[in-house]
Number of protein chains: 2
Amino acid sequence: MGRNKDPETPKELAHFNARIEGIDYDVLDELVGYAVRRAQLSIYEDFAASLGEEDITPQRFSSLVIIENNPGISQTRLSEVMGIARSGVVSIIDRFEAQGLVERQDAGDRRSYQLRLTREGQKQLRRVKKMVKEHDERISGALTPDERVQLCRLLRQLCN
Amino acid sequence: MGRNKDPETPKELAHFNARIEGIDYDVLDELVGYAVRRAQLSIYEDFAASLGEEDITPQRFSSLVIIENNPGISQTRLSEVMGIARSGVVSIIDRFEAQGLVERQDAGDRRSYQLRLTREGQKQLRRVKKMVKEHDERISGALTPDERVQLCRLLRQLCN
DNA sequence: TATTGTTATACTCTATAACTATA
DNA sequence: TATAGTTATAGAGTATAACAATA
């Protein structure tokens, strides 16, 4: 995750503290964009701390969930869903394949593959999904269930 | 910004569409973390489209605002505020300095600098701040003022 | 001709560690 | 000894462009 994996020796770990004492944030405090960015950094940090040993990132996790629930999806389609270039999907899937989590199966069209989770991939995802849910409940722990739903609704409105 | 600057020739621009027709997002739809990430990607894209010609990023913009409102701040302190390593701040400030936007001034302690905006930096920031505010109002345009405040409040609760 | 996956390449961001000059 | 800034280096992540196989 590009972060120090050993919590015993964090020489210069760049921890993100959303609000530092004595600092004037000026207009940043009024921008929805900055509020989202701040939250995202905090969440990412907790994600990394919770799943740092799992060789999983939000990106990789999302990919596995999309493949699980849309079996047979092509790499190009997955790149559209993830919002990244096709070349980026290649290395993601290469790694999943090397780990035995995803299979490239023949499609009718011999230019493309159908992506599917292997049995091992399904097993691992089941386990990781539980960890991600726990992480998500922890970070949104300060919110009531109503507020949580409200927040997701408002965020959805930002994405058009 | 790492994106294609020429809107005339976007061969394979990776646009992020938060919700793609016919795709089952499963658990991703219930995770606060994914909702925030999705929103962040959408916002970043609009930011880049709005300020792509300005050699400014959310990161760089935040730095300028922090320096403006906390004049004399040191690089180490800025690295803490931004949540990045000290070495990262060096190149950010190097660039600002080369552009004549920020000055490294002598501090009492000769190991460190006091960072300040130049007159040109102030002028540029004033201009860019206006553009960022417009961008922010556009992306949160689907929200009422109340919802906007509500959203920022809920996001703040996520950061502890 | 157009599309899918792939490779080559480059750029940005960020981290760690070692260095220097000061304190 | 400790701190501030710097440099060197490396690893993600992502983009573009060109290519082969196939449609």
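These numbers come from the heavy atoms of this one structure, side chains and all, not from hydrogens, waters or symmetry mates. All chains are named by letter (A, B, ...) in the order of the sequence lines, taking the proteins before the strands, and each is independently numbered beginning at 1. Computed from a predicted structure; not experimentally measured.
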*Asks:* Sequence neighbours left out, what passes side chain to side chain donor-acceptor pair (under 3.5 Å) with B:Glu54? Give chain and number order.
*Replies:*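 B:Glu54 satisfies side chain to side chain donor-acceptor pair (under 3.5 Å) with B:Arg127 only.
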*Asks:* Walk me through it: do B:Gln122 and B:Arg126 pass the test side chain to side chain donor-acceptor pair (under 3.5 Å)?
*Replies:* CA-CA 6 Å; B:Gln122 292 169 25; B:Arg126 208 154 33 230; 5.0 Å; no
*Asks:* Name all residues meeting the side chain to side chain contact (heavy atoms under 4.5 Å, CB included) criterion together with B:Arg156; count only those two or more places apart in sequence or in a different chain, and write none if there are none.
*Replies:* B:Cys152
*Asks:* Between C:dT22 atom P and B:Tyr113 atom OH, what is the distance in whole Å?
*Replies:*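 Taking OH of B:Tyr113 and P of C:dT22, I get 10 Å after rounding.
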*Asks:* Among pairs that include at least one residue of residues 88-99 of chain A, which meet side chain to side chain donor-acceptor pair (under 3.5 Å), considering only residues two or more places apart or in two chains?
*Replies:*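 Side chain to side chain donor-acceptor pair (under 3.5 Å) check on residues 88-99 of chain A returns A:Asp55-A:Arg95, A:Asp55-A:Gln99, A:Arg60-A:Gln99, A:Asp94-A:Arg104, A:Glu97-A:Arg104.
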*Asks:* Round to the nearest Å and state the distance from A:Gln105 atom CD to C:dG5 atom C1'.
*Replies:*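 Roughly 17 Å, once rounded to whole Å.
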*Asks:* Could you tell me how far apart B:His15 (NE2) and D:dT14 (P) are, to the nearest whole angstrom?
*Replies:* 16 Å
*Asks:* So which pairs with a foot in residues 81-92 of chain A pass salt bridge (Lys or Arg N to Asp or Glu O under 4.0 Å), sequence neighbours left out?
*Replies:* A:Arg86-B:Glu12
*Asks:* Considering only C:dT14, C:dT16, C:dC13, which nucleotide approaches the side chain of B:Arg95 most closely?
*Replies:*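 Given the options C:dT14, C:dT16, C:dC13, the side chain of B:Arg95 is closest to C:dC13.
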*Asks:* Between protein and nucleotides 19-23 of chain D, what N or O pairs are separated by less than 3.5 Å?
*Replies:*
{"unit_1": "D:dT22", "atom_1": "OP1", "unit_2": "A:Arg110", "atom_2": "NH2", "d": "3.0"}
{"unit_1": "D:dA23", "atom_1": "OP1", "unit_2": "A:Arg110", "atom_2": "N", "d": "3.0"}

*Asks:* What nucleic acid atoms does A:Ser87 come within less than 4.0 Å of, heavy atoms only: base, sugar-phosphate, or nothing?
*Replies:* base
*Asks:* Measure CD1/B:Ile56 against P/C:dC13 and give the value in whole Å, please.
*Replies:* 11 Å
*Asks:* Report the distance from atom CZ of A:Arg104 to atom P of C:dG5, rounded to the nearest whole Å.
*Replies:* 9 Å
*Asks:* Within this structure, what is the CG-to-C1' distance between A:Leu78 and C:dT3, rounded to whole angstrom?
*Replies:*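 Spelled out: CG on A:Leu78 to C1' on C:dT3 is 17 Å.
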*Asks:* Sequence neighbours left out, what pairs pass salt bridge (Lys or Arg N to Asp or Glu O under 4.0 Å) with at least one residue falling in residues 61-74 of chain A?
*Replies:*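 Non-adjacent pairs meeting salt bridge (Lys or Arg N to Asp or Glu O under 4.0 Å): A:Glu68-A:Lys129.
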*Asks:* Is there a donor in the side chain of A:Arg116 and an acceptor in the side chain of A:Gln114, or the other way round, less than 3.5 Å apart?
*Replies:*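 Judged by distance alone, the side chains do pair up.
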*Asks:* Please report, rounded to the nearest Å, how far the P atom of D:dT7 is from the CG atom of B:Asp94.
*Replies:*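 Going from CG in B:Asp94 over to P in D:dT7 covers 7 Å.
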*Asks:* In terms of side-chain heavy atoms of A:Ser112, which of C:dT6, C:dT4, C:dA15 is nearest?
*Replies:*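 So the nucleotide nearest the side chain must be C:dT4.
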*Asks:* In this structure, how many angstroms lie between the P atom of C:dG5 and the CZ atom of A:Phe96, rounded?
*Replies:* 16 Å
*Asks:* Looking only at the side chain of B:Gln59 (C-beta and beyond, no hydrogens), which of the listed nucleotides C:dA15, D:dA4, C:dC13 gets closest?
*Replies:*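 Output: C:dC13.
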